[in-house]
Amino acid sequence: MNQSPPEGGGLSEIGEERRRKAVELAARGVKPWGTDFHPTTSCRDAALNAPTEVGKQGLEVAVAGRLLRIRRSGGIAFADCLDESGGLQLLATRDTGVAFELLAQLDLGDIVGAEGKLTRTKAGEPSLSLDRLTLLSKSLRQPAAKHRGLVDPELRYRRRYLDLLSDPSRREIFRQRSAIVRALRGALEKRGFMEVETPILQPIPGGGEARPFVSHHHALDSDFYLRIAIELYLKRLLVSGFERVFEIGRTFRNEGLSPRHNPEFTLLEAYEAYGNLESMMDLCQALVGSAAEAAADCGAVPPEGLRRPFPRLKMVDLVLERTGFDALALWDQPSEVSARARELGVEFPATAGPGRILFAVYDQRVERELDQPVFVTGHPVEVSPLARRGDDPRFAERFELVVAGRELANAFSELNDPVEQRSRLMEQARLRDAGEAEAQPFDEDFVEALEHGMPPAGGIGLGVDRLVMLLTGAANIRDVVLFPTLRPAAGASTLRDTL
RNA sequence: GCCGCCAUGGCGCAGUGGUAGCGCAGGGGCCUUUUAAGCCCAGGGUCGCAGGUUCGAAUCCUGCUGGCGGCACCA
């Protein structure tokens, strides 16, 4: 199948009408596209600077924006011009000449440059009385219904630009996201962390438990995987002598989509040599706190309680309290552990030991009930193959920050014992061979790096999209990702044949 | 991957077995202070796609495609 666009670009009848208008305008010397224009102010500022007295002519300005409404009334015409800052009403009368004529011929969605004097109409609307109107970009397609906007969720996500265009308030959440990410970066830099960029194409997708996307490098004739985590490369950098590094970047997991899962998502990971669980809790608190502050400064209303120290609760205690499942008492009685967990309706693989079963109970029965921010600590070593053991060797020095029933961050004192790391990853490899596709693959190069000596360190991973959801009140991850992953439109999946 | 719901002009919607309609947008006209401007006129849809049932299907059935929600997996 070929990838050439259809003849005429698939324009509707109305599109053809607009194309015809563009040709006519061009024939009369009005370029439909490509004219430069330099606004002297924004629509919002222009409106603020309009004279208060009706009919009085004020400052001379130039603004540019998109025409979203045109109202003609015989010898006078009004149009609403919208730029990023807001809107300004344009006004032209028959004696304005060329500008009036042009305004009458333009369509909703066209982008114009408008020059004239600020004034105020009888209705009290700040307006720009046109001296000159310049067509900057002819729109060949109609904007969405002017008062209902775009409602169909498929269109909203597939053509996000129309979603944002038809309802400017939908842009706010992305401004807030930008402010949040800037705050995260700022908080890290303030603490001496250096931002780095590590491979997204990885020969071995390590550092997490997830199904990766696979690709192939032709010249190297090798498979590469899109990273599922950043961890193992940042730890290599700790070996290299860098002591505080972080990366905020796209990460990919080949798993189901849901209101909380997009196949590509933004992960923040930070590693601190000579840090540990405690220093990571401090950092986590600071990151969430400054992000919440930035979001609030940008008009969001983050939940209460994100600036105060989060309580710490041990996983075993939480599980005992909420389900009556006493992991410590049952630990050495394998058949009892699995029987009690099954009674609770919890599912887990047949190969699971007591730690994995405890985690399954927590994950399936407890986590979603945790509404207020809490540091859940003491994950079983069995489910923490990259974390250091705590004083009780069954549990790792690890915490997860849980808010509104969802993991927001995951951190631990990093395992820097290469001998133990080797055997833990070998165990993961055994689980893989036993059919657990999501157990971590063995990465010899990473273990070798540890053998050169990695300083004791703390590390943290934080789900940026979910943090943005929490701080902005978005219920769906698609509302905080500009272009969420969707099934390709029909006929779009044939590109591979041509590569 | 499984289950449920949804798909009607460019956009937003109505139409539950009798041959498709409304608002906005678009075309023609009137109107010199409008704010989703108003008024008049004339257009625009093989009802997501493919089959089936029926004298007759937007409507009922099956399959497919796409979306949404839930489950599973996970952040």
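Below, chain A is the first sequence line, B the second, and so on; all start at residue 1.
- Using a 4.0 Å heavy-atom cutoff across all strands shown, A:D465 reaches no nucleic acid atom at all.
- The pair A:R398-A:E400 meets the salt-bridge criterion, with a side-chain N (NZ, NE, NH1 or NH2) lying under 4.0 Å from an Asp/Glu carboxylate O.
- Per the geometry, CD belonging to A:Q105 stands 14 Å off P belonging to B:G26, to the nearest Å.
- Between the CG atom of A:L68 and the C1' atom of B:A37 there is a distance of 16 Å, given to the nearest Å.
- Under a 3.5 Å cut-off, the side chain of A:S127 and the backbone N or O of A:E125 do form a donor-acceptor pair.
- Using modelled atom types, one finds no donor on one side chain facing an acceptor on the other under 3.5 Å when comparing A:R171 with A:Q176.
- For A:E427 and A:R430, the salt-bridge test passes: some basic side-chain N is under 4.0 Å from an acidic carboxylate O.
- Between the CZ atom of A:R69 and the P atom of B:G38 there is a distance of 12 Å, rounded to whole Å.
- Taking a pair to require two hydrogen-bonding distances under 3.5 Å in either a Watson-Crick or a G-U wobble arrangement, B:U46 remains unpaired.
- In this structure B:U35 sits in no base pair that meets the Watson-Crick or G-U test at under 3.5 Å.
- Going from the P atom of B:C60 to that of B:A25 covers 33 Å, rounded to whole Å.
- A:T198 and A:E247 form a side-chain donor-acceptor contact under 3.5 Å, judged by distance and modelled atom types alone.
- Mapping A:R159 and A:A79 onto RNA chain B by nearest heavy atom places A:R159 closer to the 5' end of the strand.
- Here the separation of B:A50 from B:U59, taken at their P atoms, is 13 Å to the nearest Å.
- Interface remark: the A:T121 side chain does form a donor-acceptor pair with the B:U34 base, using a distance-only criterion of under 3.5 Å.
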Give every pair of a protein N or O atom and an N or O atom of nucleotides 67-72 of chain B that lie under 3.5 Å apart, one pair per line with the distance.
| residue | atom | partner | partner atom | Å |
| --- | --- | --- | --- | --- |
| B:G67 | OP1 | A:R158 | NH2 | 3.3 |
| B:G67 | OP1 | A:R487 | N | 2.7 |
| B:G67 | OP2 | A:R487 | NE | 3.2 |
| B:G67 | O4' | A:E154 | OE1 | 3.1 |
| B:C68 | OP1 | A:R478 | NE | 3.1 |
| B:G69 | OP1 | A:N476 | ND2 | 2.5 |
| B:G69 | OP2 | A:R478 | NH1 | 2.9 |

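- Rounded to whole Å, atom C1' of B:U32 lies 14 Å from atom CG of A:L103.
- Each of B:U35, B:C31, B:G26 was ranked by its minimum atom distance to the side chain of A:Q89; first place goes to B:U35.
- Residue A:T485 holds its OG1 atom at 4.0 Å from CG of A:N262, rounded to the nearest 0.5 Å.
- Atom name P, nucleotides B:A14 and B:U8: the rounded distance is 10 Å, in whole Å.
- For A:E125 against B:U34, no side-chain N or O and base N or O form a donor-acceptor pair under 3.5 Å.
- Atom C1' of nucleotide B:G1 and atom CG of A:N254 are separated by 12 Å, given to the nearest angstrom.
- Classification of A:D465 and A:R177 as a salt-bridged pair holds, one side-chain N sitting under 4.0 Å from a carboxylate O.
- Among the protein residues, A:G463 comes within range of no part of the nucleic acid, since none of its heavy atoms lies under 4.0 Å from any strand.
- With both pairing distances under 3.5 Å, B:C2 is matched to B:G70 as a Watson-Crick or G-U wobble pair.
- Regarding A:D163, its CG atom lies at a distance of 11 Å from the P atom of B:G12, rounded to whole Å.
- Regarding contacts with the backbone of B:U35, every side-chain N or O of A:K122 stays at 4.0 angstrom or more from both OP1 and OP2.
- Under 4.0 Å is where a charged nitrogen must lie from a carboxylate oxygen, and between A:E255 and A:R211 no such pair does.
- Between B:U34, B:G26, B:U32, one nucleotide has an atom nearer to the side chain of A:R94 than all others, and that is B:U32.
- Under the 4.0 Å criterion applied to side-chain N and carboxylate O atoms, A:K235 and A:E414 are assigned as salt-bridge partners.
- Nearest to the side chain of A:I76, among B:G27, B:A36, B:U32, sits B:U32.
- For the pair A:R71 and B:A37, the criterion of a side-chain N or O lying under 4.0 Å from OP1 or OP2 is met.
- The interatomic distance linking A:R72 (CZ) with B:G29 (P) rounds to 10 Å, in whole Å.
- Between A:Q105 and A:R28, the side chains place a donor N or O and an acceptor N or O closer than 3.5 Å (distance only, hydrogens not considered).
- A salt bridge between A:D131 and A:K117 is present, with a side-chain N of the basic residue lying under 4.0 Å from a carboxylate O of the acidic one.
- Across all strands shown, B:G23 is found opposite B:C11 as a Watson-Crick or G-U wobble partner, with both distances under 3.5 Å.
- Using atom C1' as the reference point in both B:U35 and B:C40, the two lie 23 Å apart (nearest Å).
- Nucleotides B:A7 and B:C31, compared at atom C1', are 41 Å apart to the nearest Å.
- By the 6.0 Å and 45° rule, A:R478 stacks over the aromatic ring of A:Y157.
- Going from the P atom of B:C3 to that of B:C64 covers 10 Å, rounded to whole Å.
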Are any protein N/O atoms closer than 3.5 Å to N/O atoms in nucleotides 6-8 of chain B? If there are, list each pair with its distance.
none

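- When Watson-Crick and G-U wobble pairs are counted only if both distances are under 3.5 Å, B:U54 pairs with no nucleotide at all.
- Here the nucleotide nearest the side chain of A:A123, chosen from B:G26, B:U32, B:U35, is B:U35.
- Following rounding to the nearest Å, A:L155 (CG) and B:C13 (C1') show an atom-to-atom distance of 15 Å.
- Of the P atoms belonging to B:G1 and B:C11, the separation is 28 Å, rounded to the nearest Å.
- Rounded to whole Å, the P atom of B:G52 lies 12 Å from the corresponding atom of B:A57.
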